[in-house]
Structure formats: C-alpha cells, structure tokens
Amino acid sequence: MQGGARYCGACGTPVASQPATDLEVPAAEFKQATVLFADVVSSTQLVSAMDAEQTMQFLAPVVEAMTRAAVRYEGTIARTLGDGVMAVFGAPYAHEGHALLACQAAIEMHAATSHFTGIQLRIGLHSGEVVFDALAAGGERERQLHGVAIHLASRIVNMAEPGATYLTSHSFALACGRYEAVSVGVRQAKGFDTPVQVYQLLGSKAQVGVVRRSARQAALRGRKRELEALRKALDEVEFGTSQIVGIVGEPGAGKSRLCHEFALGCRGRLIPVLEARAQLYGHATPLQPVLEFLRSAVFRITPSDDASTVRKRIAQYVQEMGETFQQDQALLNEFLGVPEDDAEPSRLSGPARRDRLLEVVGQMVRHLAARTTVILIEDLHWLDAASADFLTTLVGAVAGTPTLLLVNYRPGYTAPWMKSPAFTEIALRDIEEGSMVELVEELIGARTEVHELAVRVAQRSGGNPFFAEELVRVLTAGGTLAGASARFSLGERAPSAALPATVQAVIGARIDQLSDTRKALLQLCAIVGKDFPRPCSST
C-alpha cells in the first residue's frame, strides 16, 4: 500500500487518515448500586423556635456525622440537605458489596448520631441500576445521578419509623447473607404502580465464616482434585507438620464453598475448625478479623452472652495459659468491648498495645493447636494493614504445630509469608461444561424441556458456579422457570439477556480497576462481540 492511500490495494478496505492515539471515554456509565437516603425525624419541629444560625449550629454536626459514616464505608455523597444526606454505594466506582456497605453505613449513622439530644434518624435503602453522568465543568468533573432507583429510595425513607432503617426486597436479597432484617409488609410507594416489599434492618449477623447459602444450592462439583489436595495437606498435619494452604480464584469460583465442604469433613472427624473472615469494609474497621477470631474461635462468645460472662471466659482462658499472661486480661477485655467499670485505661501507646495484642493472640493460637487443628481465614484480599500483621503473626504461631492454616483470596493478593516452604497454593480453574450442566440441572431439574436452557446457562456462566446459580435465580424470579425447586418447567416468559445484578456488580468492580483507555476499549469490544473480522494488514 502506498503512503497516503485512502484504500488498501489488496482488499479495498478504507484506511484511517490518522492513527488513533487514545479512546474517548464515555461520560456516563451504568452501575448496580445501592442508594441511601437519611434524614432527621421531625427536624422542622426541633428547629421551629431557632433562628437560621442556631438551626445550622444544631443540625450541621448531625449531618456531618451522617456524612462521615457514609464516606467511611465507601459511599459517595450525592446530595446534602439541611437535615439529611443522600449517598450512593457502588458508583461512580462499582463495588460488588454495595448493599452490604450501605447497610453497615446505616448502622453506623444511627450509632454516630445517638448521642445528639433529641435526634433520631430514619433511613431508606434501595438497590438497582443508576447512571452516573460525568460532566466537564471548569476543569472539574461534576457528577449527576439518574435512575428510578433514586426515586424509590426516597420513598422508602419516608416509610421508615423513627430510629429505623427500611430497605426494599432488592437490597435485602443482596444483604441477607450478612445482615438480619424482618419484613414490615408490602407498601405502596408514591408514584409507583406496583407495591413494594419492605424490610427493617436489624443488624449484622453474628456468626462468622458463614457461606451465603441458597436454598437451591447444588452439590459441589468439579473440585475433586482440589479437595484431594486439601486432604493430603491435612494428612501431613496429622503427622506433625504444619501446613499453610492458599485457595486462589476469581469471584464466584467457589473458594468459600470449597473451604466450607472441607471444613464439614474435618468437623465430621472431630477436628476443630477455627474460622474468621475479612470484611469488605475492612479498611473502615481495623482488626475486625482478629476480633471475630477471638470471639468465635477462642472464647466461643455468643450474641446472648453478657459482659460479665465474656469477662469470665477471658479470665479462665488467660489462667490456663499461665501467670505470664494474667496482666493481659484487661487488654483483652478492652479489645472485646467488655472492660471492667473501674478499669484504668491502658498506659501503652496505640502501636505498642496492638503489638502486645498480636503477641497474645499468637500465644493463644499455639495453646489451641496442641492437637490437630484447622484454622480458616477467608477473603484475605479485604484485609486491612493491621489484620495483615495478625495473619503474619498467625503464620509464625502455627509453625511447628499440628495445624493446617487454610486461607482464600482473589488473584493479585500477595504476602511475604507466601515464600514459606510450608505454603502451597491451589488455583481454582473454571469448571468444565459437562459438570456445569449437571450443576444447573440439579438446580432446575432434568426435564427434557429445560435441558436446552440448562446448557445455555452453563455456557453463559463460563465455568463459574456463582454466576450459574445467580442466572438460575433470575430466571426463576422472572418467570422463565415455573414450578418447584429442582422440578422446574418452562414458564411463559422468554429468558432475559441481562446479567443478574449481583454478577454485573462483580464484573463492574473488576472493570473499574482498568485504566480509562482500556475500559473504553473493553466497552467497544462488548459492542462488537466475541467474533469480528480480522482487519487487512498494510503492506
């Protein structure tokens, strides 16, 4: 092809006059998000006798506390009013746990404003699709939020009782694995034709290490090799050699499910399994995994235990460890939130107190690991810096003990202790299509009429069991599948081409890690599709 030619001489394909140096990044993006509205109950009555300056001085600290709570859990403040805030979780940057973050922020808002005299909040949550529109303005990017989800969330907050958080069934479905809520009935939202199922948020679930289980969850498939590797590691431990095993896999690959099945087998053999899990808001709550590990694994504390009971268990355990640790009882009481009424504040500095706490926890682990033990720590990719130090302490504590330290995390997570000779990594591969079809048919049934749909779901899920289960859930809710679980028949509605909101959020979070140029390229490729003609090379 000659220089300056407008068409390829071999095939006639038009040639761009100038090479593209960058891709135009779209201003607006669709996001799966949770919208939160919070306001002060009866604010007009509270400030009716105040002038403007007094009103500002009275309400501004309250709104500031609400704002801090939202931002702490990765909320974007879209609007502030004189007596409330509107925040969105999962936009402008996608986050798979947007509903969980919003629930935790709501709990924090109530707690952060409880000390203000006469102040009660009401909060409303709704999860759905929104559009974040970035508009250039004076060299800065102003953002505008659009979508029906915003309007519905604003209706939900008006339904909430004083001091309560109400959420729609959409938010509840995303948060029910980690948070408790109770139905308050079906409500008619102003401006919406269809009534809305509404729930009241009660709080976070106390149980640690619980895998979110669906009523339709199928048997574990395609992980025979990985389970066998874990059993071999346990055999090494029973011969007295400590082992550290890391399970790595993409979101939805089944890391937690594999660990859950292995833990069930261990408990069946009366091998103790001690669990803790990093939370997706770990940066906002440092050392939360350590706290949960002590509560559930070491001291066996239940939600019904009062402060006195907890202190007695701590005292008994410390006594068993020896006199050297007697002085640490007050430190443990304080960390677990049950200090004695007349206890003096610790004289140790913050860093020194944390170091001593980690040292004590390490000794406790060695005390627990006197016989074959499995310690399971999940979701290391969410660990905060202080909890990462705890994990390093844990690795050192189990060395030379009959302990299997089992951890799981996503690709990209690294830590210095992974260089230890005792460490082995197991990477979860995509499940083969045949096993995926069997998994889907276990969920929906093996009737001839649904077999083709089962194959399509298996193919579209790409070997990811979480994606497959979520696709089945959406097909059931949308009316494509009708009948009883595992015995479905085809319903009247055609299957939707849209991905489930949960899957969209997971994929969106990964896409947001890309540069703007690569993100724009990916969006273009999504429009073109998997198959496209190969361009003619210039000669």
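Only this structure's heavy atoms are used, side chains among them; waters, hydrogens and symmetry mates stay out.
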Contact check, side chains of Pro61 and Phe116, non-hydrogen atoms, under 4.5 Å
yes
Determine, step by step, whether Tyr199 and Val184 satisfy the side-chain contact (heavy atoms from CB on, under 4.5 Å) criterion, reporting the C-alpha distance in whole Å, the side-chain angles of both residues, the deciding distance to 0.1 Å, and the verdict.
CA-CA 5 Å; Tyr199 295 83; Val184 293; 5.8 Å; no
So does Arg257 pair up with Glu261, basic N to acidic O under 4.0 Å?
yes
Indicate yes or no: at least one non-hydrogen side-chain atom of Thr168 is less than 4.5 angstrom from one of Val198.
no
Considering only heavy atoms from C-beta outward, does the side chain of Val248 approach that of Leu428 to under 4.5 Å?
no
Is there a side-chain contact between Arg366 and Thr403 (heavy atoms, below 4.5 Å)?
no
Side chain to side chain, Arg155 and Arg187, heavy atoms closer than 4.5 Å:
no
With a 6.0 Å cut-off on the ring centroids, do Phe37 and His126 count as close?
no
Gap separating the CG atom of Leu201 from the CD1 atom of Ile107, nearest 0.5 angstrom
5.0 Å
Suppose we call two aromatic rings close when their centres sit under 6.0 Å apart. Are Phe299 and Tyr317 close by that rule?
yes
Can you confirm whether His98 sits close enough to Leu174 that some side-chain heavy atom of one is under 4.5 Å from a side-chain heavy atom of the other?
yes
Pair Glu108-Gln104, side-chain donor/acceptor within less than 3.5 Å:
no
Could you tell me whether the side chain of Ile247 reaches within less than 4.5 Å of the side chain of Leu230, counting heavy atoms only?
yes
Rounded to the nearest 0.5 Å, what separation is found between the OG atom of Ser242 and the CD1 atom of Ile375?
10.5 Å
Tell me the closest heavy-atom pair linking Ile77 and Ala70, and the distance in Å.
CD1-CB, 3.8 Å
What verdict does the side-chain contact (heavy atoms from CB on, under 4.5 Å) test give for Asp430 and Glu250, after you've listed the backbone C-alpha separation in whole Å, the side-chain angles of each residue and the deciding distance to 0.1 Å?
CA-CA 9 Å; Asp430 293 338; Glu250 297 288 349; over 6 Å; no
Hey, could you give me the CG/CE distance between Leu368 and Met321, rounded to the nearest 0.5 Å?
8.5 Å
How close do Ala427 and Glu226 get, counting heavy atoms only, and between which atoms?
O-OE2, 4.2 Å
Name the one of Lys255, Glu378, Arg277 that satisfies side-chain hydrogen bond (donor to acceptor under 3.5 Å, both in side chains) with Asn408?
Glu378
Test log, rule side-chain contact (heavy atoms from CB on, under 4.5 Å), inputs Leu291 and Leu336:
CA-CA 7 Å; Leu291 178 63; Leu336 290 167; 3.3 Å; yes
Could you give me the CA-CA distance, side-chain angles and deciding distance for Glu359 and Arg356, then say whether salt bridge (charged side-chain N to carboxylate O under 4.0 Å, His left out) is met?
CA-CA 5 Å; Glu359 183 179 347; Arg356 180 56 187 167; 3.1 Å; yes
Kindly assign one of parallel, tilted or perpendicular to the pair Tyr281 and Tyr73, based on the angle between their ring planes and the thresholds 30° and 60°.
perpendicular
Evaluate the side-chain proximity of Ile244 to Trp417: yes if any heavy-atom separation is below 4.5 Å, no if none is.
yes
Shortest non-hydrogen separation from Arg231 to Phe262 and the atoms involved:
N-CE1, 4.1 Å
Under the criterion side-chain contact (heavy atoms from CB on, under 4.5 Å), I'd like the reasoning laid out for Met364 against Leu294: C-alpha separation, chi angles, the key distance, then a yes or no.
CA-CA 9 Å; Met364 286 181 170; Leu294 291 176; 3.9 Å; yes
Do other residues, nucleotides or ligands put more than 12 heavy atoms under 6.0 Å from the CD atom of Gln316?
no
State plainly whether the residues Glu129 and Lys31 are in salt-bridge range, i.e. N to O under 4.0 Å.
no
The reported gap from OG1 in Thr372 to CZ in Arg269 (rounded to nearest 0.5 angstrom) is 8.5 Å
What's the separation between atom OG1 in Thr113 and atom CZ in Arg68, rounded to the nearest 0.5 Å?
11.0 Å
Step-by-step salt bridge (charged side-chain N to carboxylate O under 4.0 Å, His left out) determination, Arg410 to Asp379
CA-CA 8 Å; Arg410 294 178 182 177; Asp379 296 337; over 6 Å; no
What one should report as the nearest heavy-atom pair of Leu380 and Tyr413 is O-CE1, 3.5 Å
For Phe89 versus Ala105, what's the shortest heavy-atom pair and its separation?
CZ-CB, 3.6 Å
Ser461 and Asn464: side-chain donor and acceptor closer than 3.5 Å?
no
Non-hydrogen atoms of Ile314 and Gln329 that approach each other most closely
CG2-CG, 4.1 Å
Looking at CG of Leu404 and CD1 of Ile271, how far apart are the two atoms once the value is rounded to the nearest 0.5 Å?
9.0 Å
